[in-house]
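Right, one structure below, let's go through it.
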Amino acid sequence: MFTFKKSERLCGTKQFAELFASGRSFVVFPYRIVFLEKEADNNPAVLFAVSIPRRRMKRAVDRNKLKRRTREVWRKNKADLIDHFTKHHKKCYVAFIYLENDLVSYQVAERKIKDAINRLIKETSEYF
RNA sequence: ACGGCAGGAGACUCUAUCGCUGCAAUUUUUUGCAGAGGAAAGUCCGGGCAACGCAGAGCGCCAUACUUCCUAACGGGAAGGUGCCCGUUUCUUUGAAACGGGUAACAGCAAGUGCCACAGAAAAUUACCGUCCGCCAAAAGCGUGAUAAGGGUGAAAACGUGAGGUAAGAGCUUACGGGUGUUGCUGGCGACAGCAGCAUGGGGUAAACCUUAUGGGUUGAAAGGUCAAAUAUGUCUGGGUUUGAGGAUUGCUCGUCCGAUCCAGGCGGGUAGACCGAUAGAUCCGUACAGUGAUGUGCGGACCAGAUCAAUGAUAGAGCCCCUUAUGGGUGACAGAAUCCGGCUUAUACUCCUGUUGUUACC
RNA sequence: GGUCCAUUCGUCUAGGGGUUAGGACGUCAGGUUUUCAUCCUGGUAACAGGGGUUCGAAUCCCCUAUGGACUA
C-alpha cells in the first residue's frame, strides 16, 4: 500500500501538457498544487509529479533532497486520496510545484502535504 | 607544545522497518545481488564513437611554442637546461661558488610595420643648454659647420672604468670587465655548458599586428540508427543524351553536383512513443621485472550505477567527532551520475602524514 | 546535454593601453516664481571579484561569480 512505482508517476510530454493546459490549481505554502480529474481506467487512480524550479534552488543536491522528501511524504499519505477517487470511479493527475527559496524540514513538509491532500479531496468532491 | 602556509591521503560506520532503479533466478509474486564523486562541478583542453561536406585542393581562421621522453592524444605529466627570487654553507666581505627550495605564455622586436601618454633637446636617421671651428680686430650675433664628454626629464637615454688621442670630442684606438651574434674544438641524444678566435654597439613592447615551425576538415549523443499509431502525398536508385538560367555544397574561392529528357527498377519518407547508441573498459586490485622518473610489459584475480519529467531515499536506535561538561545539547564539509575515457582548473568541515615558518618553555 | 555572449554612477549607455572614465534621465543643494512645474548653476554617484603581461590595464590574457541568447 505504501508503494510508489513507475506506473504511479506522471510521465511523458503529453500527460504533462494535458495537466498544465487544462488543470486547476491552489496554493498550500510552500507548494502549488496543480490537478486534473479524468474518467477511471485500468491504470492507478492517482498519478503524481513533483517539480522544483532551478531558479529557486540553485544546487542540484538541494533539489534532489526536496524531491525525495516530497515523494516520501506522498508515498506515506496518499492512501486516503486513492480511496476517494476509486470510490467515485475517477482518476487524477497531481503535480506539486515548490515555491519557497529555502529547504523545509521533513516534519513541515509532511504537515503541509497532509493539508494539501485534504484540500484536494474537498475541492474534487464538489463535482461528484 | 601551540599556531600559520604549502603539498599529499581519507573524507562517517553499523542495525531494524518502510520504499525506489537495474540485473538474475523463480515462476506470477516472491527471493537474491548491485546501486553517486574526488571532484560526478566548471566545460578549459585532448581522444574514442557517430554523422555530414555527393571527390578534393587552396586561402582564411584557431591553437601551441627551451630540450628530451611518456602517452591513444593533449595546452597534461616526468626528467633536465637557462633566467629570476629566497635560504644555508664556504671563501671572503664589492661579491663569487656549491647545495636546497620556489617560479617562468622561456621561439623570433639582429625580418617588416605600429605604439611608447606626461615630462624631456631627443623615445630611435637625436641636439635645447654646452664644447669646438669659421665669419668679425674683439665682444655680441650669425652658420645646409663639427661633436655627443657634462646638464636636467623620464618606467626606459644610445656599453662601464682607466689610458692614449683630438680644434673640441666620441669604441676613434687600446687594456680590463661585461652584453650580443657567429666560427672552431671538447662534453652531452638534445636544450646547453666550457675554452679559443672573429665581428658588433643593436632601447622596450609579439597576453601589438605579424614571421617561423607544428597541429586541427566541420559538427556533437538533443550525434546517429531500427520499429512505427496519427497526418500529408510523392520520392529514390542505376545508365545514356543535351545544356547550364537559377540553385545546392564547410567561413571564402576554385572545383563538384542538382537541372531537362529518355530507358530500366524499387516503395518509401515520417511526428507522439518504444528500442539500439548505453555502460567490459587506453577498466580496477595485487605482484614481478625494466626505467632516475612519468610510464610500460608479463602473470594472477575481479566485474564495479545505468535512469530518461529522470533511481540511489525516509524514520528510529547505537557508535565515532565537537562544545559545555558526571547530566544535556549540537554538528558531519564541498557537493548529486545523464555517451564514455585521459587530464587541467575551481570548491572542500574534520582527521592523519610530510616540508617550511613564527611564538613560548626546557636542556 | 552542447555552443556562444555580456557585466561601466540608482537606470540607459560612450570609451577598445596614457589627463580627474564622458553623456542623458534620476537624485541633492542653490537661484528664478506669490507657490508649483519649466528653466539656469553646482554637487553626488560607477569600470563584477581575484591574479598575470606592461613603465602604465575599464581596455590585453587566465581563473571565479552572476546574468542572458541559441540549439529538441
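Comparing the P positions of B/G306 and B/C340 gives a spacing of 13 Å, expressed to the nearest Å. Straight-line distance between the C1' atoms of B/C49 and B/A278: roughly 12 Å, to the nearest whole Å. With both ends at atom C1', the span from B/U297 to B/A307 equals 40 Å, rounded to whole Å. The gap from the C1' atom of C/G17 to that of B/A155 amounts to 15 Å, rounded to the nearest Å. The same atom, P, is picked in B/U325 and in B/U345; the two are 47 Å apart, to the nearest Å. Going from the P atom of B/C45 to that of B/G76 covers 12 Å, rounded to whole Å. Rounded to the nearest Å, the gap between the P atom of B/G48 and that of B/G216 is 12 Å. Spacing between B/G177 and B/U153 at atom P, rounded to whole Å, works out to 35 Å.
B/A140 is unpaired under the Watson-Crick or G-U wobble criterion, no partner having all donor-acceptor distances under 3.5 Å. Nucleotide B/A333 forms no Watson-Crick or G-U wobble pair with any nucleotide shown, as no partner meets the under 3.5 Å limit on both distances. Summarising the base pairing, C/A69 is matched to C/U3 through a Watson-Crick or G-U wobble pair whose two defining distances lie under 3.5 Å. Across all strands shown, B/U27 forms no Watson-Crick or G-U wobble pair with both key distances under 3.5 Å. Across all strands shown, B/U250 remains unpaired; no Watson-Crick or G-U wobble contact has both distances below 3.5 Å. With a cut-off of 3.5 Å on both Watson-Crick or G-U wobble distances, the partner of B/G179 is given as B/U200. Of all nucleotides present, only B/U297 satisfies the Watson-Crick or G-U wobble test against B/A288, with each distance under 3.5 Å. The partner of B/G95 is B/C91, by the rule that a Watson-Crick or G-U pair needs both atom distances under 3.5 Å.
Classification of B/G38 as syn follows from a glycosidic angle within 90° of 0. Glycosidic conformation at B/G169 (O4'-C1'-N9-C4 for purines, O4'-C1'-N1-C2 for pyrimidines): anti, more than 90° from 0. Base orientation of B/C304: syn, the glycosidic angle falling within 90° of 0. Classified by its glycosidic torsion, B/G270 falls in the anti category, the angle being over 90° from 0. Nucleotide B/A167 carries an anti base; the chi torsion (O4'-C1'-N9-C4 or O4'-C1'-N1-C2) is more than 90° from 0.
Contact record, A/Phe48 with A/Arg71: CE2-CG, 4.1 Å, taken as the closest heavy-atom pair.
Residues meeting the side-chain contact (heavy atoms from CB on, under 4.5 Å) test with A/Leu47, sequence neighbours left out: A/Leu10, A/Gln15, A/Tyr93. Every side-chain contact (heavy atoms from CB on, under 4.5 Å) that A/Val27 has, sequence neighbours left out, goes to A/Arg32, A/Leu99. Remark: A/Asp83 engages no residue in a salt bridge (Lys or Arg N to Asp or Glu O under 4.0 Å) (not counting sequence neighbours). With sequence neighbours left out, the salt bridge (Lys or Arg N to Asp or Glu O under 4.0 Å) criterion links A/Glu72 to A/Arg75, A/Lys76. In this view, A/Arg119 and A/Glu123 satisfy the salt bridge (Lys or Arg N to Asp or Glu O under 4.0 Å) rule, not counting sequence neighbours.
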Problem - Footprint string (nucleotides 307-314 of chain B, 5' to 3'): B base within contact, S backbone only, - free, heavy atoms under 4.0 Å - result: -SBSSBBS
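A/Ile117 contributes atom CD1, which lies 9.0 Å from atom CD1 of A/Ile33 (distance to the nearest 0.5 angstrom).
With 3.5 Å as the limit, one finds a donor-acceptor pair spanning the side chains of A/Tyr31 and A/Thr70.
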